[in-house]
Number of protein chains: 2
Amino acid sequence: MVAVSTIAIEEQTFTIAEVAEKTGVSAHALRYYERIGLLEVGRQASGHRRFTGHDVDRVVFIGRLRATAMPIREIQRYFALVAGGPGTEDERLALLQAHHATVRAQLRDLEAALDAIEHKIARYGGSCSP
Amino acid sequence: MVAVSTIAIEEQTFTIAEVAEKTGVSAHALRYYERIGLLEVGRQASGHRRFTGHDVDRVVFIGRLRATAMPIREIQRYFALVAGGPGTEDERLALLQAHHATVRAQLRDLEAALDAIEHKIARYGGSCSP
DNA sequence: CCTTGACTTAGAGCGTGCTCCAAGCCTTAG
DNA sequence: CTAAGGCTTGGAGCACGCTCTAAGTCAAGG
């Protein structure tokens, strides 16, 4: 029987600069997110942050929520639920679904506004309006 | 021969409150837009603003640009071109087209982020990430 | 040993886009 | 005449989301 290789115990970790690079979230923003409780990152003996893969995933997810303009407050509520453990999953789901619906609606409005702008571009010659 | 009725000379005008109501842009914002040169609105003898239909159209258009997150600065540049007369139409068109491209790109990113969130919603049970 | 450079912290500062305030003027109703 | 209500102005204030500063620590390279 072939020995099963030991599962990686020491997970790879990343510095704040590496995470900034990987995720496109600035180091400043990462520290800010930690301060306001969106992230809880471990430290080396030196005090420097070490982001686990899990932490990086969370940053990516936060990035997506921000990219869809979810207010920081709501993201805080979301992660407060996550911290609250498995009993909060229904509520988390509801929160994400509500956000999803909001964004879909915004998308529709955006499309509509963009179409109007496109029309204006198409029949250009008009000087300013509708 | 039937007499052709005189064309309406006195165009209908609107108060700031009416325009706010019609366009969804607050009266505060309308005054702000005027202050920063996006709008130039006539006055009654009393000093009260009177918005013409043309003005209202412009407000609607500004609303659309804002709805698509065009920065105020760029909207200012646009209307500076409009004020510059017919010689600036190519430049205006270019500005709108550039904005259009930007928004389309943002739309794509937004869709992508939203899809990722949807996936998370779909296989909910995950505690926080990608 | 010293420098370089990435990191740490608390806290201040900033850009955007409104939003609100205070003081005052007009108009209309009672 | 008076009071209410909507408007005017310049300027201050605000919410959001970072972004930057200052002062200091730490590790590695020359």
Side-chain angles (χ1 to χ4, degrees), chain A residues 13-52 55-56 58-79 99 102-103 106 110 113, chain B residues 13-52 55-56 58-79 99 102-103 106 110 113:
Chain A
T13 61
F14 308 91
T15 66
I16 195 168
E18 286 164 351
V19 176
E21 165 78 16
K22 282 166 98 82
T23 63
V25 177
S26 77
H28 283 310
L30 289 170
R31 292 193 196 97
Y32 169 69
Y33 289 163
E34 193 190 46
R35 265 197 280 185
I36 65 173
L38 297 188
L39 249 30
E40 199 165 345
V41 186
R43 294 291 190 278
Q44 291 181 296
S46 65
H48 291 196
R49 287 171 184 79
R50 295 303 317 190
F51 288 74
T52 64
D55 292 335
V56 174
R58 186 184 276 218
V59 171
V60 169
F61 183 55
I62 292 170
R64 284 187 181 133
L65 295 178
R66 290 295 306 132
T68 51
M70 185 188 275
I72 291 278
R73 286 302 176 89
E74 212 162 328
I75 302 180
Q76 286 177 315
R77 290 210 303 122
Y78 179 80
F79 285 112
H99 176 60
T102 303
V103 178
Q106 286 172 351
L110 192 52
Chain B
T13 61
F14 308 91
T15 66
I16 195 167
E18 286 164 351
V19 176
E21 165 80 15
K22 281 167 98 81
T23 63
V25 177
S26 77
H28 283 310
L30 290 170
R31 293 193 195 98
Y32 169 69
Y33 289 162
E34 193 189 48
R35 265 196 280 184
I36 64 173
L38 297 188
L39 251 28
E40 199 164 345
V41 186
R43 294 290 190 279
Q44 291 183 298
S46 63
H48 290 195
R49 286 170 184 81
R50 295 305 316 193
F51 289 74
T52 64
D55 293 334
V56 174
R58 185 183 278 218
V59 171
V60 169
F61 184 54
I62 292 171
R64 284 186 181 133
L65 295 178
R66 290 293 307 132
T68 51
M70 184 187 275
I72 292 277
R73 287 300 177 90
E74 212 162 328
I75 302 179
Q76 285 177 314
R77 290 209 303 123
Y78 180 79
F79 285 111
H99 176 60
T102 303
V103 178
Q106 287 172 352
L110 193 52

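Each chain gets a letter, A, B and so on, in the order its sequence line appears, and its residues count up from 1.
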In whole angstroms, the gap separating P of dA28(D) from NE2 of H48(A) amounts to 11 Å
Given 3.5 Å as the limit, does a donor-acceptor pair link the side chain of Q76(B) with the main chain of I36(B), or not? yes
Quick check: does any side chain N or O of E18(A) sit under 3.5 Å from a backbone N or O of T15(A), one acting as donor and the other as acceptor? yes
Using a cut-off of 6.0 Å, state whether more than 12 heavy atoms not belonging to E40(A) lie near its atom CD. no
Rounded distance (Å) that lies between atom C1' of dT16(C) and atom CD1 of I62(B): 17 Å
Which is true for A27(B) with a 4.0 Å heavy-atom rule: it touches a base, it touches only sugar-phosphate, or it touches nothing? nothing
I need a per-nucleotide contact map over nucleotides 14-24 of chain D, read 5' to 3'. Cutoff is protein heavy atoms under 4.0 Å; write B for the base, S for backbone only, - otherwise. ---BBBBB---
Taking any heavy-atom pair under 4.0 Å as a contact, classify R49(A): base, sugar-phosphate, or nothing. sugar-phosphate
Spacing of Q44(B) atom CD relative to dG6(D) atom P, expressed in whole Å: 15 Å
In whole Å, what is the span from the CZ atom of R50(B) to the P atom of dC26(C)? 17 Å
Between dT9(C), dC7(D), dC26(C), which nucleotide has the shortest distance from any of its atoms to the side chain of T15(B)? dC7(D)
OP1 or OP2 of dT9(C) under 4.0 Å from side-chain N/O of R43(A): yes
Should we say atom CD of E21(A) is surrounded by more than 12 heavy atoms from elsewhere, each under 6.0 Å from it? no
Could you tell me the separation between the CD atom of E18(A) and the P atom of dG5(C), rounded to a whole number of Å? 18 Å
Counting distance only, does the side-chain N/O of R50(A) pair as donor-acceptor with the main-chain N or O of T13(A) below 3.5 Å? yes
May I ask you to check whether F79(A) and Y33(A) place their ring centres under 6.0 Å from each other? no
Rounded to the nearest Å, what distance is computed from the CD atom of residue E34(A) to the P atom of nucleotide dC7(C)? 14 Å
Rounding to a whole Å, what distance do you find between I36(B):CD1 and dT19(C):C1'? 14 Å
Would the number of heavy atoms belonging to other residues, nucleotides or ligands and lying under 6.0 Å from CZ of R73(A) be above 12? no
How long is the line joining CZ of R31(B) and C1' of dA22(C), in whole Å? 13 Å
